[in-house]
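A short write-up of the structure that comes next.
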There are 2 protein chains.
Amino acid sequence: MNYILFKSEQNQETIVQEAIPKGPAGEGVVDGSQAGQTALMPWDMPRYRNWIAVAKVHALVEKAMAAGLAPLALKLPHYDILANVYRFPGLTQQDLANRMLVGRSNLSMLLPELERRGLVKRTPDGEDRRVRRLTLTSEGRVLTLRALKVQVEVIEGMMAALSAAECEALGDFMRRVGHHMLGHPPAPDSPI
Amino acid sequence: MNYILFKSEQNQETIVQEAIPKGPAGEGVVDGSQAGQTALMPWDMPRYRNWIAVAKVHALVEKAMAAGLAPLALKLPHYDILANVYRFPGLTQQDLANRMLVGRSNLSMLLPELERRGLVKRTPDGEDRRVRRLTLTSEGRVLTLRALKVQVEVIEGMMAALSAAECEALGDFMRRVGHHMLGHPPAPDSPI
DNA sequence: AATATATAGTTCATCATTGAACATAATGAT
DNA sequence: ATCATTATGTTCAATGATGAACTATATATT
């Protein structure tokens, strides 16, 4: 059975036929590069590999952030909340969920812990009784600044491999991609 | 209490003093941009913003992947395993964990489910009785190809916002950053 | 040969995240 | 005024991921 796997950059369809197993005593070990009519697999394609590189760096940064935040007794999701609330005091839980690209229920699980630790306050909105608005306590702000310092160090350490022009190009590319994926033109104060 | 938050690109230290709360009736709403001696916050810095853009795109791609894989009854972590085992048949669980940048215990939780579904086989190594080697079944390979098609569509859709040169530059940047973070020069068959 | 150290994979408890379902409130249509 | 629809946040069950502790095995040291 053949699949049309993808079109190459030259708009040429690549068809992959299920590879025939080979290997010692027919043990099922398969050489993926021996597939069908064209040997091209996604990892042979530049765009795919470029995205895998992005994904790997993202995983490395998350690990570095987790390690850097551990001495502050702060997990990455909690820090994300604190940083966003520091930057946009008074935002709603729905707004925060949109910015963090997580579900509302996740925040309903995470926020009580930050409240309990005395870092965040949730207050009812003056007009809409469904809404709660988020602000940091003074202790929350202090901790957030310390955690921001950690994040800046991770990002600066990472970006040291790039020139300023390269770093700016990276940001331009990613913002453009982000807006493209969201399907609308860039807006002020967009989460991207 | 002041913090040295970070050094700017001109190597100038930025000091942030805790912002003074303001807002209606002293309700604790804080304007982060009114901090201390210099108003620069991380989100005012290009490198920080550039990384946030990368992180946002990564989150969007993960959502798109999850949505695209749902009709195949496949979750993203399971797909990651299948794709890596397809590409490197016979690899060990330890090797797979390294490539996926997750812990060995995570794979011990995920792999039995793929085994139960008849997608993956775990076989003892011929020489080292601690080791199990991973291969896909024929059904696993078929499903993996279908899932690869989904991933390629997501990546192609994303990269449509970039020219070929921009996409290649992006990959170059990220590979360099990845190697920089791992602290060693690029190697053949590196996870980055 | 005996012992110490390192490695591969598993189990465990804990936490983050998801998506469905729910309760309450606001808005829009009639 | 009433009803339908949408929005906000919470609860629930299920699942993915982590890091410590464990078992079994391999390797290095003495």
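Below, chains carry the letters A, B, ... as their sequence lines are ordered, and counting in each starts from 1. Scope of the values below: all heavy atoms of this structure, side chains included, with no hydrogens, waters or symmetry mates.
- The phosphate of dT15(D) has neither OP1 nor OP2 within less than 4.0 Å of any side-chain N or O from H78(B).
- Residue whose closest nucleotide on DNA chain C sits further toward the 5' end, between R133(B) and N106(A): R133(B).
- In this structure, L74(A) places its CG atom 14 Å from C1' of dC15(C), rounding to the nearest Å.
- Among the heavy atoms of the strands, none lies under 4.0 Å from L76(A).
- Residues V85(A) and L96(A) are in side-chain contact: their nearest non-hydrogen atoms beyond the backbone lie under 4.5 Å apart.
- Per the geometry, CD belonging to E62(B) stands 12 Å off C1' belonging to dT17(C), to the nearest Å.
- Going from atom CD1 of I81(A) over to atom C1' of dA16(C) covers 10 Å, rounded to whole Å.
- Under the 4.5 Å side-chain criterion, counting only non-hydrogen atoms from C-beta, L170(B) is in contact with M159(B).
- Contact annotation for L110(A): backbone-only contact, meaning every heavy-atom pair under 4.0 Å involves sugar-phosphate atoms and none involves a base.
- Going from atom CE of M100(A) over to atom C1' of dT18(C) covers 14 Å, rounded to whole Å.
- Positionally, the nearest nucleotide of DNA chain C for K75(A) lies more toward the 5' end than for the other of V102(A) and K75(A).
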Nucleotide N/O of nucleotides 3-7 of chain C paired with protein N/O under 3.5 Å:
| unit_1 | atom_1 | unit_2 | atom_2 | d |
| --- | --- | --- | --- | --- |
| dT7(C) | O4' | R130(B) | NH1 | 3.4 |
| dT7(C) | O2 | R130(B) | NH1 | 2.8 |

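- For R141(A) and Y86(A), the positive end is not near the middle of the six-membered ring at less than 6.0 Å and at most 45° from its axis.
- No side-chain heavy atom of M174(B) sits under 4.5 Å from any side-chain heavy atom of W51(A).
- Toward the 5' end of DNA chain D, the nearer of the two residues Q93(A) and E127(B), judged by each one's closest nucleotide, is Q93(A).
- Atom CG in L101(B) sits roughly 16 Å away from atom C1' in dG16(D) (whole-Å rounding).
- Residue contacts shown for R104(B) include a base, since a base heavy atom lies under 4.0 Å away.
- A salt bridge links E166(A) with R176(B): at least one charged nitrogen is closer than 4.0 Å to a carboxylate oxygen.
- When each of E156(A), K149(A), Q151(A) is checked for a side-chain contact (heavy atoms from CB on, under 4.5 Å) with E153(A), only K149(A) meets the rule.
- Applying the 3.5 Å distance criterion, the base of dG19(D) shares a donor-acceptor pair with the side chain of S105(B).
- Between the CG atom of L96(A) and the P atom of dA7(D) there is a distance of 19 Å, rounded to whole Å.
- If you chain together hydrophobic residues whose side chains sit under 4.5 Å apart, V131(B) and L91(B) never meet in one group.
- Between M109(A) and D128(A), the residue anchored closer to the 5' end of DNA chain D is D128(A), taking for each the nucleotide with the nearest heavy atom.
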| Do R146(B) and L74(B) pass the side-chain contact (heavy atoms from CB on, under 4.5 Å) test, and can you show the C-alpha distance, the side-chain angles, and the key distance before you say yes or no? | CA-CA 11 Å; R146(B) 294 171 70 190; L74(B) 209 45; over 6 Å; no

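- When the C1' atoms of four end pairs are superposed on the next four at each end of the helix from dA1(C)-dT30(D) to dT30(C)-dA1(D), using five pairs per end, the two resulting axes differ in direction by 20°, to 10°.
- Here the P atom of nucleotide dC15(C) and the CG atom of L114(A) are 13 Å apart, to the nearest Å.
- Taking the side chain as every heavy atom from C-beta outward, R104(B) and Q94(B) approach each other to under 4.5 Å.
- Separating the CG atom of D125(A) from the C1' atom of dT8(D) is a distance of 11 Å, rounded to the nearest angstrom.
- Residue R122(A) places at least one side-chain N or O under 4.0 Å from the OP1 or OP2 atom of dT10(D).
- The existence of a salt bridge linking E115(A) and R122(A) is confirmed by a sub-4.0 Å separation between a basic side-chain nitrogen and an acidic carboxylate oxygen.
- At dT18(C), one or more side-chain N or O atoms of K63(B) fall inside 4.0 Å of OP1 or OP2 (strictly under the cut-off).
- In terms of polar N and O atoms assigned as donor or acceptor, the side chain of R132(B) never comes within less than 3.5 Å of the base of dG9(C) in a complementary pairing.
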